[in-house]
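Okay, structure first, notes after.
Just so we're on the same page: letters track the sequence lines, and every chain starts at 1.
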Number of protein chains: 2
Amino acid sequence: MNKTTIQEIAADLGLSITTISFIINGKGDQYKISKATQERVKKYIAQNNYQPNSVARSLTTGKSYTIGYLVPDISDPFYAAIGKHVENILSQQGYQLFMCSTKEDPDTELKIVQSMVQRQADGIIMAPTTKKSLSYIKSQDIPLVTFDRQIPRSRAHFVGIDNYEASKSAITAFLTRNKNAKMAMVSMTPEVNTLSQRIEGCLDAFKELGLHFPEDLNLNVDYQNLQESCLDQIGALLQKHPEVNSFYFTNNLTAYKGLYALNKNHRPKLEKMKLISFDDMPLFEISHPFTTGIEQPQEKIGETSAQMLLELLHSKNTSSKVKKVILPVQINWR
Amino acid sequence: MNKTTIQEIAADLGLSITTISFIINGKGDQYKISKATQERVKKYIAQNNYQPNSVARSLTTGKSYTIGYLVPDISDPFYAAIGKHVENILSQQGYQLFMCSTKEDPDTELKIVQSMVQRQADGIIMAPTTKKSLSYIKSQDIPLVTFDRQIPRSRAHFVGIDNYEASKSAITAFLTRNKNAKMAMVSMTPEVNTLSQRIEGCLDAFKELGLHFPEDLNLNVDYQNLQESCLDQIGALLQKHPEVNSFYFTNNLTAYKGLYALNKNHRPKLEKMKLISFDDMPLFEISHPFTTGIEQPQEKIGETSAQMLLELLHSKNTSSKVKKVILPVQINWR
DNA sequence: ATGAAAGCGCTAACAT
DNA sequence: ATGTTAGCGCTTTCAT
């Protein structure tokens, strides 16, 4: 079954392709095509299941109804969830999403961005890794909304949270609730600035409470090798500092693997461990032990990013000033 | 900065667009373009950061280097993980993925499929919900690989597991290990056939061991309202059947919410509960209690699906017989 | 109320 | 060794 085209319809119906095009695009009335003709064409289209070729349409109009969603890892529950909410909003408007994993790698990210430009994506929503790709996007001036991470000095629209403040106030509250907490922190490389901000927030919380946070309780595990790295470093830490009775995981990945390490090798200690993690996950309600989560409003982040992009798409003034939406977090104590 | 086009290059360099096109597509030598010219063009391209417009290219060639990845929910960890592996293989070959959630809804699914056709997707990888969309894809003869779910009588290439056998043998082993297990089962609507096969497998395991499985220990919670539904039904069940000391969750979603319900309202019973779930998740290693998982080879499923699609893309004979790859599962006892 | 034709940027068969 | 040209399927201005 070969593809029907607009000219076939025109030929079969003895009309011009212009007429067909008008009707397809709902401009029949506007161009005063007679009701009769409109009906005839619509009937033909329905019967032959004609679908306009969007590639051709894009070439003419310059719009592809395609958006790039670029994140470090599309299977990361955090990015997957936000992606779903983005999809939810954008698919209603006829957009499809190219979802791509940048792998925290600047080169991969740039290649993907270039591919998006070649494919005439109408816009991009991304959790950026580097400034290079952002500059490239800007140079092509294609509508862009960033989320989750802000690249310093990059002037891009942004939706996210205040990592420093959220971390600081959560840890302050935690230390107030758990007076005799002896806390260690688990973060990871590569150090994206969201993570350093969370670390800073934590350290400042200690400082302001007049407490000391020893350097060597600040772990930094390896992103490429999370599980082994967690097993090793947490093992070593608990050996050297048996007094540690609390962990702060600075993101969902370290929390996952940290919990794994604790469950695997340190069950006896687990009973009275108090855990807190940046990013909340449903699993913290069923984990051993239950884990307090600093919850980012994923749905809101996704929806706001999508809506912000839609606005950009509809308003033609590239001039507009940079918009930043900072959303509140919520602490789920457990 | 406006888009450079092939004709601008031609004009600027005093060459014809053909020559430029040949060089861009690596056919310079084949068409005996002089080294000098080739260098000149390549240099120009590098300097001006020219990127060919893939929309125009697709319109001429009929190939878009675009693949549709359609699953019920892209944020479901199972589909997200497989998606990542699919992406991994296909991105190496220059393909980008449209990832779409069909929401278990036939109409949504069909709309997305039609959109893929309009957009000239070169192929589709999907966990199908209905036969209707499969027939449509076939009618357009666009290369298709299905995974996870087989639609009865649909003759599509398939990658997945044998749900009936996997379920049956896992439950048989489970009952052998836990002689005095008093098991309830939690499944969900809508009843896709993977789930009914898992249920059948479980019931047959009981039968062959000469055991009885009471009708009312077979729960069916509501997909649209998983959490509430689990809380209600599991609560009611444990009240009526306090002897139940084991649960079989027939997929990751019911396991998640089942564990949630148990942790929330039935902690005392949890100590000696033995849980097993179809689909394994990392969280089962840190959940309370640890949960045995029947693990599907996600990476293998993703990679095989992608590779199978690539073969289809490269071989032009539509005739070829239907390929089915059935992969083994692995039980992770906990 | 409808049609002709240019053009979107590219590829490739066919010149030269 | 390089150029001319006809499409690919569609939108839209300008005619009629």
Side-chain angles (χ1 to χ4, degrees), chain A residues 2-42 44-45 48-66 94 117-122 140, chain B residues 2-42 44-45 48-66 94 117-122 140:
Chain A
N2 240 319
K3 298 270 178 342
T4 331
T5 71
I6 213 173
Q7 24 246 347
E8 285 185 64
I9 307 181
D12 282 9
L13 258 40
L15 292 166
S16 82
I17 55 175
T18 313
T19 308
I20 313 297
S21 175
F22 285 157
I23 295 171
I24 287 169
N25 292 293
K27 299 180 180 168
D29 290 339
Q30 180 185 332
Y31 286 99
K32 312 191 184 177
I33 312 291
S34 71
K35 287 291 172 208
T37 309
Q38 292 203 35
E39 280 319 308
R40 218 152 60 89
V41 172
K42 280 182 184 155
Y44 183 102
I45 286 176
N48 296 57
N49 208 308
Y50 164 77
Q51 310 272 18
N53 178 332
S54 359
V55 174
R57 185 177 275 176
S58 299
L59 186 59
T60 345
T61 61
K63 284 217 47 162
S64 64
Y65 279 89
T66 284
V117 172
Q118 289 189 35
R119 288 164 183 277
Q120 308 262 69
D122 295 335
Q140 304 292 319
Chain B
N2 240 319
K3 296 272 178 345
T4 333
T5 71
I6 213 172
Q7 23 245 345
E8 285 185 63
I9 307 182
D12 281 9
L13 258 40
L15 291 168
S16 81
I17 56 173
T18 314
T19 308
I20 314 297
S21 173
F22 285 157
I23 294 171
I24 286 168
N25 293 293
K27 298 181 181 169
D29 290 340
Q30 181 184 332
Y31 285 98
K32 311 193 185 179
I33 312 292
S34 71
K35 288 290 171 207
T37 309
Q38 294 202 32
E39 280 319 308
R40 220 153 58 89
V41 172
K42 280 180 185 159
Y44 183 102
I45 286 176
N48 297 57
N49 208 310
Y50 165 77
Q51 309 272 19
N53 177 330
S54 0
V55 174
R57 187 178 272 176
S58 298
L59 185 59
T60 359
T61 61
K63 283 218 49 164
S64 64
Y65 279 90
T66 283
V117 171
Q118 289 189 36
R119 287 163 184 277
Q120 307 261 69
D122 295 335
Q140 304 291 319

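The nearest pair of heavy atoms linking B/Ser34 to B/Thr37 is OG-OG1, 2.7 Å. Of all non-hydrogen atoms in B/Lys35 and B/Asp29, the two that sit nearest each other are NZ-OD1, 3.0 Å.
Contacts of A/Gly28 with the nucleic acid, taken as non-hydrogen atoms under 4.0 Å apart, are absent. Note on B/Thr37: only backbone sugar-phosphate atoms sit closer than 4.0 angstrom, heavy atoms only; bases stay farther off. The residue B/Ile24 sits apart from the nucleic acid: no heavy atom pair falls under 4.0 Å.
Each of D/dG3, C/dT2, C/dC10 was ranked by its minimum atom distance to the side chain of B/Ala56; first place goes to C/dC10.
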Residues B/Thr18, B/Ser21; criterion side-chain hydrogen bond (donor to acceptor under 3.5 Å, both in side chains); working and verdict: CA-CA 5 Å; B/Thr18 314; B/Ser21 173; over 6 Å; no
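Taking atom CD1 on B/Ile45 and atom P on C/dG9, their separation rounds to 16 Å, with Å as the unit. Nucleotide D/dT4 holds its C1' atom 13 Å from the CD atom of B/Gln7, rounded to whole Å. Remark: P of D/dC10 and CZ of A/Phe22 are 15 Å apart, rounded to the nearest angstrom. Rounded to whole Å, the distance from CD1 on A/Ile23 to P on D/dC10 is 14 Å. To the nearest angstrom, C1' of C/dG3 lies 15 Å from CG of A/Leu13. Rounded to an integer number of Å, the gap from A/Gln30 CD to C/dT2 P is 15 Å. The interatomic distance linking B/Tyr50 (OH) with C/dG9 (C1') rounds to 7 Å, in whole Å. To the nearest angstrom, P of D/dC8 lies 11 Å from CD of A/Glu8.
An OP1 or OP2 oxygen of D/dT11 is reached within less than 4.0 angstrom by no side-chain nitrogen or oxygen of A/Tyr31. Side-chain N/O atoms of A/Asn25 include one lying less than 4.0 angstrom from OP1 or OP2 on D/dT11. Between A/Thr61 and the phosphate of D/dT11, there is no side-chain N or O to OP1/OP2 separation shorter than 4.0 Å. Taking only side-chain nitrogens and oxygens, A/Thr19 comes nearer than 4.0 Å to OP1 or OP2 of C/dG3. Residue A/Lys35 places none of its side-chain N or O atoms closer than 4.0 Å to OP1 or OP2 of C/dA1. Contact between the side-chain N/O atoms of A/Ser34 and the OP1/OP2 oxygens of C/dT2 is found at a separation under 4.0 Å. Residue B/Lys27 places at least one side-chain N or O closer than 4.0 Å to OP1 or OP2 of C/dA12. For the pair B/Thr60 and D/dC8, the criterion of a side-chain N or O lying under 4.0 Å from OP1 or OP2 is not met.
Between the side chain of A/Arg40 and the backbone N or O of A/Leu13, at least one donor-acceptor pair lies under 3.5 Å. Looking only at distances, no side-chain donor or acceptor of B/Thr4 sits under 3.5 Å from a matching main-chain atom of B/Tyr50. Under a 3.5 Å cut-off, the side chain of B/Arg119 and the backbone N or O of B/Ser64 do not form any donor-acceptor pair.
For A/Ile17 and B/Leu59, each mapped to the nucleotide of DNA chain D holding its nearest heavy atom, the one lying further toward the 5' end belongs to B/Leu59.
Counting atom types as modelled, A/Thr18 pairs a side-chain N or O with a base atom of C/dA4 as donor and acceptor under 3.5 Å.
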